Amino acid sequence: MRIGIIGAGKVGFSLGRHFADSGLKLIGYASKSFESARKAAEFTDSAAFSDSAELVRASDLLFITVPDAAIGQVFESLVSLHENGSVDLTGKFLCHCSGSLSAHDAFGDVCRVGAQACSVHPLCAVNDRYTSHEAVAKALFTIEGDPGLIDNVRRLLEAAGNSVVSIDSKYKARYHAACSIALNLMVGLVQESIDQLIECGFSEEQALTALG
């Protein structure tokens with residue numbers, strides 16, 4: 001499948017580089033800023049597109065890697081392009097990478113444009129455009145959405161070397177809570193431990209060393 005990515009931030013950079021390194025057919029990027037798309041394309045040895053319509057026409061599978069609040073907006077812009085005849089979404093596969101939103105939350109009744117959708121979430125921290133692809137390459141991915149598309153995406157991710165778990169869409173919020181507990185709340189617990197050790201007479205450096 002020819003893969004296109006809309007959104008050239010940390011997730012877009014990291015996912016695209018992982019796909020490219022794994023030998024998958026990454027077509028390139030479209031982004032709100034063409035300069036961002038150009039940099040991502042350069043980093044992944046792919047192409048930068050000046051508008052999303054060109055990228056849609058060149059791709060079979062589209063990853064929308066924008067902030068959660070913007071995923072629905074990007075989808076609706078694609079629907080508008082479909083409705084005015086600029087692109088044909090029929091038979092296209094749409095994915096987003098939000099940990100908290102289900103495919104239905106972001107894409108609604110996507111079948112009205114003849115497309116299929118799923119959410120694809122790498123269970124790892126993605127905090128740098130140029131290095132996080134190394135973590136993504138080792139990450140377990142969670143997928144949910146249209147059953148037919150899930151099978152295709154599972155094969156693609158497994159071909160890239162990742163483990164994959166499918167979950168029911170109704171559990172997406174619970175899944176996100178589980179990830180947040182392990183990542184965010186652990187940081188809070190460590191800080192509480194440091195504070196208590198300092199009260200016992202440790203320096204902050206000693207507390208960090210001891211807990212490490």
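Only heavy atoms go into these numbers, but all of them, side chains included; no hydrogens, no water, no symmetry mates. For clarity, every value in this text was computed on a predicted model and none was experimentally measured.
Annotation: side chain of L81 is not in contact with side chain of V56 (no heavy-atom distance under 4.5 Å). The side-chain heavy atoms of F202 and T209, taken from C-beta on, include no pair separated by under 4.5 Å. Contact of the Y171 side chain with the E144 side chain is not registered, since no non-hydrogen atoms from C-beta on lie closer than 4.5 Å. Put simply, the side chain of S166 reaches to within 4.5 Å of the side chain of R154, judged on heavy atoms. Residues L156 and L61 have side chains in contact (heavy-atom distance under 4.5 Å, counting atoms from C-beta outward). Side-chain contact between Q116 and L94 is absent, with no heavy atoms from C-beta onward closer than 4.5 Å. Between V79 and R112 there is a side-chain heavy-atom pair separated by less than 4.5 Å.
For the pair R155 and D151, the salt-bridge criterion is not met [side-chain N within less than 4.0 Å of a carboxylate O]. Ionic pairing of R38 and E42 is present here: one or more N-O contacts between side-chain nitrogen and carboxylate oxygen are shorter than 4.0 angstrom. Taking a cutoff of 4.0 Å between a charged side-chain nitrogen and a carboxylate oxygen, R57 and E54 do not qualify as a salt bridge.
A distance-only check finds no donor-acceptor pair linking the side chain of S163 to the backbone of L140 [under 3.5 Å]. Within the 3.5 Å criterion, the main-chain N or O of A160 finds no donor-acceptor partner in the side chain of D21. Checked by atom type and distance alone, the side chain of D60 never pairs as donor or acceptor with a backbone atom of K92 at under 3.5 Å. Between the side chain of D146 and the backbone N or O of L149 there is no donor-acceptor pair closer than 3.5 Å. Looking at Y29, its side chain never comes within 3.5 Å of a backbone N or O of T44 through a donor-acceptor pair. A donor-acceptor pair is defined here as one N or O able to donate and one able to accept, closer than 3.5 Å; such a pair exists between the side chain of Q206 and the backbone of S203.
Under a hydrophobic-cluster definition in which Ile, Leu, Val, Met, Phe, Trp and Tyr are linked whenever side-chain heavy atoms come within less than 4.5 Å, directly or via other members, L62 and F107 are assigned to the same cluster. Under a hydrophobic-cluster definition in which Ile, Leu, Val, Met, Phe, Trp and Tyr are linked whenever side-chain heavy atoms come within less than 4.5 Å, directly or via other members, V136 and Y130 are assigned to different clusters. The hydrophobic clustering, which links ILVMFWY residues whose side-chain heavy atoms are closer than 4.5 Å, places Y175 and V11 apart. Cluster membership for L26 and L157, using ILVMFWY side-chain heavy atoms within less than 4.5 angstrom, is shared. Under a hydrophobic-cluster definition in which Ile, Leu, Val, Met, Phe, Trp and Tyr are linked whenever side-chain heavy atoms come within less than 4.5 Å, directly or via other members, V164 and F63 are assigned to the same cluster.
A distance of 10.5 Å separates CD1 of I5 from SG of C95, quoted to the nearest 0.5 Å. From L78, atom CG reaches atom CD of Q73 across 12.0 Å, with rounding to the nearest 0.5 Å. Separation of atoms CG (D105) and OG (S169) is listed at 8.5 Å; rounding is to 0.5 Å. Of the inter-residue distances, the one linking S22 atom OG with R17 atom CZ reads 10.5 Å to the nearest 0.5 angstrom. Rounding to the nearest 0.5 Å gives a distance of 12.5 Å between OG of S31 and CG of D51. Taking OG of S98 as the start and CD1 of I71 as the end, the distance is 5.0 Å to the nearest 0.5 Å.
With a 6.0 Å radius and a threshold of 12 heavy atoms from other residues, nucleotides or ligands, M186 has its CE atom at or below the threshold. Atom CD of E205 sits in a sparse spot, with 12 or fewer heavy atoms from other residues, nucleotides or ligands closer than 6.0 Å. Remark: D45 CG is loosely packed, at most 12 non-hydrogen atoms of other residues, nucleotides or ligands lying under 6.0 Å away. Counting non-hydrogen atoms of other residues, nucleotides and ligands closer than 6.0 Å to CD of E204 gives a total of 12 or fewer.
For the residue pair K172 and S119, a side-chain donor N or O sits within less than 3.5 Å of a side-chain acceptor on the partner.
If you look at F43 and H133, their ring centroids are closer than 6.0 Å.
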| field | ring-ring contact (aromatic ring centres under 6.0 Å, His included) evaluation trace for H96 with F75 | value | CA-CA 10 Å; H96 70 70; F75 173 61; over 10 Å; no
